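Structure record follows, encoded as structure tokens.
As the structure is a prediction and not an experimental result, all values here were calculated from the model.
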Amino acid sequence: SLVHRLVFGWRTKVAAYFADYDGHRRYMRALKPLAGVFDAYIDVCDQRLARRLADWPGLRAPTFVIRHATPRRPDAVLAPHAGPARILFTGSYFVLGLDRSRLSRFLSRLCDRGLTVDWYLPGTDDDRATARGLLSHPLFTVHEPVDKARLQAILDDHDVGLHWAPMAERDYYPVYFTSPASNKIGEYI
């Protein structure tokens with residue numbers, strides 16, 4: 001717009017980027033009236049992008065959804081699978097507030113069939129202790145969160161990735177989708 005050009009200059013580009021969900025509400029309210037001057041809008045969640053477009057009718061800039069995952073190298077050589085399958089299980093600490101008995105039965109069935117289940121759980125030590133209490137089985141392990149530098153190696157070390165989401169629950173819980181889940185390993189799966 002002409003106002004944008006006069007204030008920011010003819011060559012300046014303005015972009016908005018959102019990587020957090022709940023932590024920047026005041027920031028988002030302040031930017032809403034300025035949405036018309038953005039040259040680009042970048043988000044990490046396509047569902048939230050759709051909500052933003054509905055909430056900010058003045059946003060006419062091109063929009064982009066980015067992911068944090070490192071793409072697999074095209075020249076990567078994968079060895080043939082040998083031995084029991086290893087499952088990379090994900091779900092935030094938020095999952096522990098859902099139906100734990102259902103989750104416990106599911107994990108138990110996997111391990112009882114000889115499948116190794118590694119849960120890389122963000123959150124606190126208490127969250128991980130609660131998750132460990134869901135199942136006592138030698139094939140079930142709860143791990144610390146994965147550092148992004150190690151992410152590709154962790155993914156390569158497993159055969160299957162499973163993410164426990166609200167669709168696995170009896171009752172849909174929409175708050176889950178406004179958590180920072182897109183910055184967790186489940187997003188990469």
Subject >> Residues in ring-ring contact (aromatic ring centres under 6.0 Å, His included) contact with Phe106, at least two apart in sequence or another chain >> reply: Trp164
Enter the distance from [X]:[atom1] to [Y]:[atom2] here, rounded to the nearest 0.5 Å.
X      : Y      : atom1 : atom2 : value
Ile87  : Leu115 : CD1   : CG    : 4.5 Å
Tyr120 : His158 : OH    : NE2   : 4.5 Å
Leu134 : Trp119 : CG    : CH2   : 5.5 Å

Please enumerate all residues that pass side chain to side chain contact (heavy atoms under 4.5 Å, CB included) together with [X], with sequence neighbours excluded.
X      : value
Leu139 : Cys111, Thr116, His137
Asp125 : Arg128, Glu144
Arg60  : none
Thr141 : Asp118, His143

Closest non-hydrogen atom pair between [X] and [Y], with its separation:
X      : Y      : result
Leu59  : Ala35  : CD1-O, 3.8 Å
Pro122 : Pro145 : CA-CG, 3.6 Å
Phe140 : Ala131 : CE2-O, 3.6 Å
Ala40  : Ala61  : N-CB, 3.6 Å

Original post:
Just by distance, do the side chain of Thr63 and the backbone of Tyr41 share a donor-acceptor pair under 3.5 Å?
Top reply: no
Original post:
Aromatic rings Phe38 and Trp56: how do their planes relate, parallel, tilted or perpendicular, breaks at 30° and 60°?
Top reply: tilted
Original post:
Under 4.5 Å between any side-chain heavy atoms of Val117 and Leu135, yes or no?
Top reply: no
Original post:
Can you name the residues that form a side chain to side chain donor-acceptor pair (under 3.5 Å) with Thr124, not counting sequence neighbours?
Top reply: Asp127
